Each structure stands twice: as C-alpha cells, then as structure tokens.
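Data block below; observations after.
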Amino acid sequence: MKVNDWSPAVDIIETAEEYLIKAELPEIKKEDVKVTVEEGVLTIQGERKYESEEKNRKHHRVERFYGSFARSFHLPEDTDTSAIRAEFTEGMLNLHLPKMEKPATRSVEININ
C-alpha cells in the first residue's frame with residue numbers, strides 16, 4: 001500500500017480586524033503540526049500517520065490520505081506577524097492573523113532647485 005502526500009483543506013476568512021485560516025486536520029495530534037512564518041509566507045506542515053494493519057484485520061479500501069503535508073500562504077502586507085495566534089481543537093487548526101493599522105499617508109512637497 002502506497003502512502004501519499006496530501007494537502008489539508010483550508011478556509012481563509014477576512015474581517016475588519018483579522019484574517020482567519022481554518023485548516024482541517026482530522027486525526028492529527030497538535031504535536032505533529034508545525035506553523036512557521038518566514039519572509040511573509042505562512043507555512044502549515046505536519047504528518048498524518050498511517051494506521052498499521054493489525055493481525056486478523058484487513059483493510060479492503062483506503063480512501064483517506066496519509067503522510068506528510070505542507071500548505072503555504074503569502075500573507076497580506078497588513079498582517080501583524082508578531083501577534084499571530086493558533087488554536088487546535090477537534091481536528092481544526094484556527095490561525096488568527098491580526099491586521100496592523102496602516103500608517104497614515106502623507107504628502108510632502110519637494111522643492112526643485
């Protein structure tokens with residue numbers, strides 16, 4: 001039986017205050033998930049381990065995916081990467097990415113000599 005790489009399904013939601021990434025990670029322990037941010041890219045990676053067959057028990061069909069996974073997302077410029085927080089409950093990883101206030105734009109007149 002071949003173990004395939006797979007990619008968990010995600011929803012990305014935006015509110016006035018934050019971006020929310022919801023990733024489905026059923027039957028995965030939070031210890032087996034790693035979330036990193038590097039150079040404006042958020043990466044979720046981990047592994048769902050295959051249940052080994054037990055004696056006197058035979059799998060007739062395996063449709064779920066097992067093995068390593070990784071998903072990467074380019075973050076919008078207004079994401080406050082220092083305040084990202086994660087929650088992991090019942091197979092759902094929720095990543096809260098707060099927005100930073102945009103600096104006020106100002107106009108400066110340049111004198112020409």
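As a basis for the values below, the full set of heavy atoms in this structure was taken, side chains included, without hydrogen atoms, waters or symmetry mates. Source: prediction; values computed, not measured. Starting from 1, each residue takes its place in the sequence as its number.
Other members of the hydrophobic cluster containing I13, listed by chain and number, are L20; membership follows side-chain contacts under 4.5 Å among ILVMFWY residues, whether direct or relayed. M100 belongs to no multi-residue hydrophobic cluster, having no ILVMFWY side-chain contact under 4.5 Å with any other such residue.
Every residue was checked against the side-chain hydrogen bond (donor to acceptor under 3.5 Å, both in side chains) condition with T81, not counting sequence neighbours, and none meets it. With sequence neighbours left out, the side-chain hydrogen bond (donor to acceptor under 3.5 Å, both in side chains) criterion links D80 to S82. With sequence neighbours excluded, the residues that form a salt bridge (charged side-chain N to carboxylate O under 4.0 Å, His left out) with D32 are K49. For F69, the ring pair (Phe, Tyr, Trp, His ring centres under 6.0 Å) partners two or more places apart in sequence, or in a different chain, are W6.
The CZ atom of F73 lies 5.0 Å from the CD1 atom of I12; values are rounded to the nearest 0.5 Å. The CD atom of E24 lies 7.0 Å from the CG atom of D11; values are rounded to the nearest 0.5 Å.
Checking side-chain atoms of R71 against main-chain N and O of S7 turns up no donor-acceptor pair under 3.5 Å.
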Show me, pair by pair, the donor-acceptor contacts under 3.5 angstrom made by side chains of residues 89-99, not counting sequence neighbours?
unit_1, atom_1, unit_2, atom_2, d
H96, ND1, E18, OE1, 3.2
H96, ND1, E18, OE2, 3.1
H96, NE2, E87, OE1, 3.3
K99, NZ, E14, OE2, 2.5
K99, NZ, T15, O, 2.9

Side-chain donor/acceptor pairs under 3.5 Å, residues 33-42, sequence neighbours excluded:
none

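A 4.5 Å side-chain heavy-atom check between Y19 and D78 finds at least one atom pair inside the cut-off.
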